[in-house]
Every structure is written in structure tokens, then in C-alpha cells.
Amino acid sequence: MARKLGLWLVVVFAVAATAEVGRAQLTEGFYGQTCPNVESIVKQAVTTKFGQTFVTIPGTLRLFFHDCFIEGCDASILISSPNGDAEKDAPDNQSLAGDGFDTVIKAKQAVEASCQGVVSCADILAIAARDVVVLAGGPSFNVELGRRDGLISKASLVAGKLPEPNFDLDQLNAIFSQHNLTQSDMIALSGAHTLGFSHCDRFANRLYSFSSPSPVDPTLNSTYAVQLMQECPQNVDPQIAINMDPVTPRTFDNMYYTNLVQGKGLFTSDETLFTDSASKPTVLNFANSPGSFNRAFATAMRKLGRVGIKTGSQGEIRRDCTAFNS
């Protein structure tokens, strides 16, 4: 029995040590000798793209989140398949903005011109995600680097891996905790909804078919509900999209949480953060303290960037972000 217990402990510690090594292999100065200007090169490419369209900001940030939650932060979301069966082709990913993909592709091309075959697409996406937050007025933070690009990208792996707009707090916590992200991390990352847009069908049930006694979700601010109905009438063109944050949609700030307090969360999964007593104190803290939100968001982004990483000899350094090396 003692031998079995000892063996079990060795296995547990070995697994834990492996996890720690995986985290330790990401370092802020990973390209210090091989591509020392990588972050400035990416920043320039992102800034140029932002000058062409604001969608660069929410598009790139959402791309990073979707990439990390499927197969880890390994740029598998960027792969294009002639058969339409890559990760990006899954129904939950089809609304990802093309400008997000283009931002990373352009940044990769710029990096390759200076440091050929050195920097992964996964790291470029992580840097770009930080840069778009800063461009929108959000907090800056150091990005850990050293990820390698994944070798798997399948649409069939996506279903059930991303939070849905109708999730309650327990469902949100369950899906985030799978990636070592706490409830506080989840609430902070949800604050990215201060930017970007959503198609009407993602929340139409809150306006027209919430329940038989109340077609409109009673947690929805009544004035906001009327505004949403005007922007998203029934049978609206499915391509129509509206701002996630009705107040400051182009600024990365804590207005998202103020909106939740006022009943102006667009998704059920947004408003539940305020209506559930277990998460309400954090929402109130972030609504009242921009500094607390910014610090929590930066911490959560660094933790998100460690999810499912490939390092060392795992994966590859893709030459073209949209295709596996042949």
C-alpha cells in the first residue's frame, strides 16, 4: 500500500511539474536574441491596420479568445482549409471578423521580413491582442512569449467549447475553470464586451420570446429594450450587427459594468454577472473602480495566454499563419 501511495505521489508531482515547466517556458524576453524588435514590428502593423478600420480592435481581441479556448493559444483558429472543415469554419467561429485575421497575417508578414522562421503566429496573435486593447485606451501589460503553432485545426472540435450568450453564472464558471481561469478572471475578460458588436440573432430571444408571461427579459432595461427592438426588429437581416456597449463602443473602459448595473447587458451571459449575487460584488467593484478592472483584465489576459500552449519541440513555427508547414 505504501509503495502504491508513493508511486501515486510521484505521478502526481510529475504531472504538476510538467504543467509548471509548460508555464515557465513562456517568458517575456523569449525573442530577446532571435527577434528583439518583434513587439515593435507587430505594434506598427496593428496600428496601420487600425488606421484602416476600427474593427481591427474587437476583431483581433475576439480572435485571441476563440483561439485559446479551442486547442489552446496555438493559432489553430487561423488555419484555412480548402474543405471548409478547419476551426475557423465552425458555426461558433463564422462571425469572427475578417479584419482580425488580416491583422495577424499582416503582422506575421512584417515580422518574417525581419526574423524569418523565428516567431510563431500564436505569439503574434497574443501580442496583437494586447496592442489593440492599448489602442482602444485600455491597460498595457507585458506579454509572455514562446508559444509554438498547433498542428490541429478542426471545426468538429469547437462545439461546446465556447461560452454561449444564454449561459448563466454556473455555466460560465464551468467553461472558464477548465482553463484555470477563476470567476474574477471570467468577469474581467467579459469586460472585453465594452468593444465590438453582435448580430441580432444572438440576443433576439431576450426581446421577443423570453418566456410566455414575459416576451421581454425582465432584467433588461426597458428603455434599452425599446432601442434594441428598433435596431433589431423581428425578421431583421441576419447580417445586421449592433454595438455591445451602447455608451462607449469604441473605448476600452469599465462602462460595460456600469451598463450591467443599469440593466444594459446585451447577452443573458452579460447581465447574469450582475443579477447573480455570487458575481454582483465584482461587477460593482469594476463599475466603481476603473483601476481594479484594468488590473484584473491584464492579469486575466496573461493567464488566458497560457492556456493549452505548445512549447519546446511541440508544434511548429508556421511560415504562413493560414497553413501548416508542408
Side-chain angles (χ1 to χ4, degrees), residues 22-32 38-40 42-43 46-47 50 56-69 72-75 100 103-104 107 120 122-147 163 172-173 175-196 244-245 248-260 270 273 279 281-309:
R23 280 197 291 271
Q25 285 174 331
L26 290 186
T27 59
E28 292 173 14
F30 187 82
Y31 298 107
V38 59
E39 293 194 51
S40 61
V42 172
K43 181 179 180 181
V46 172
T47 303
F50 170 58
T56 300
I57 288 179
T60 304
L61 190 54
R62 189 163 175 243
L63 193 65
F64 180 60
F65 180 85
H66 279 233
D67 182 49
C68 292
F69 262 51
C73 308
D74 64 353
T103 298
V104 181
S120 67
D123 275 346
I124 289 172
L125 176 53
I127 296 168
R130 184 269 316 275
D131 289 347
V132 295
V133 168
V134 175
L135 280 171
S140 185
F141 51 91
N142 294 334
V143 178
E144 296 172 322
L145 301 169
R147 300 167 193 80
L172 288 168
N173 279 331
I175 204 164
F176 276 76
S177 66
Q178 292 173 12
H179 303 298
N180 196 36
L181 295 164
T182 66
Q183 178 174 288
S184 179
D185 295 329
M186 179 271 291
I187 298 171
L189 290 170
S190 297
H193 284 176
T194 189
L195 301 167
M244 295 284 294
D245 177 349
T248 57
R250 294 193 168 213
T251 304
F252 189 97
D253 55 19
N254 67 331
M255 184 57 69
Y256 168 80
Y257 304 100
T258 302
N259 290 337
L260 298 187
D270 293 317
L273 301 180
S279 48
T282 305
V283 170
L284 289 171
N285 178 37
F286 290 167
N288 293 324
S289 174
S292 292
F293 164 54
N294 284 341
R295 287 189 294 274
F297 183 82
T299 297
M301 282 289 283
R302 282 167 60 91
K303 288 178 68 176
L304 175 62
R306 298 171 190 145
V307 171
I309 56 168

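Here the structure is a predicted model, which is why all the values come from computation and not from measurement.
Checking T182 against D185 by side-chain atom types alone, a donor-acceptor pair falls below 3.5 Å.
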Q | Residue pair D131, F50: steps toward the side chain to side chain contact (heavy atoms under 4.5 Å, CB included) verdict | A | CA-CA 10 Å; D131 289 347; F50 170 58; over 6 Å; no
Q: Output, in order, the C-alpha distance, side-chain angles, deciding distance and verdict of side chain to side chain contact (heavy atoms under 4.5 Å, CB included) for E28 and E39.
A: CA-CA 11 Å; E28 292 173 14; E39 293 194 51; over 6 Å; no
Q: Applying side chain to side chain contact (heavy atoms under 4.5 Å, CB included), run through R130 and S140 and close with a yes or a no.
A: CA-CA 7 Å; R130 184 269 316 275; S140 185; 4.0 Å; yes
Q | Residues F252, N294; criterion side chain to side chain contact (heavy atoms under 4.5 Å, CB included); working and verdict | A | CA-CA 10 Å; F252 189 97; N294 284 341; 4.2 Å; yes
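At least one side-chain heavy atom of V46 sits under 4.5 Å from a side-chain heavy atom of V132. For the pair F176 and L189, the minimum side-chain heavy-atom distance is below 4.5 Å. L304 places a side-chain heavy atom less than 4.5 Å from the side chain of F69. Considering only heavy atoms from C-beta on, T194 comes within 4.5 Å of T248 through its side chain. Counting heavy atoms from C-beta on, the side chains of Y31 and S120 come closer than 4.5 Å. Taking the side chain as every heavy atom from C-beta outward, Q183 and L172 never approach each other to under 4.5 Å.
Judged by distance alone, with hydrogens and angles left aside, the side-chain atoms of Y256 form no donor-acceptor pair with the main-chain N or O of A192 at under 3.5 Å. Looking only at distances, a side-chain donor or acceptor of D67 sits under 3.5 Å from a matching main-chain atom of D74.
When all heavy atoms of V307 and C68 are compared, the closest pair comes out as CG1-O, 3.3 Å. In terms of heavy atoms, A126 sits closest to V143 at CB-CG1, 4.0 Å. Residues F297 and P139 share a closest heavy-atom pair of CD2-CG, 4.3 Å. The two residues A129 and L61 come nearest to each other via the heavy atoms O-CD1, 4.1 Å.
Scored by the ring-ring contact (aromatic ring centres under 6.0 Å, His included) test, F64 finds no partners at all (sequence neighbours excluded). For H66, the ring-ring contact (aromatic ring centres under 6.0 Å, His included) criterion is met by no residue, not counting sequence neighbours.
A salt bridge links D123 with R147: the closest approach of a Lys/Arg side-chain nitrogen to an acidic carboxylate oxygen falls below 4.0 angstrom.
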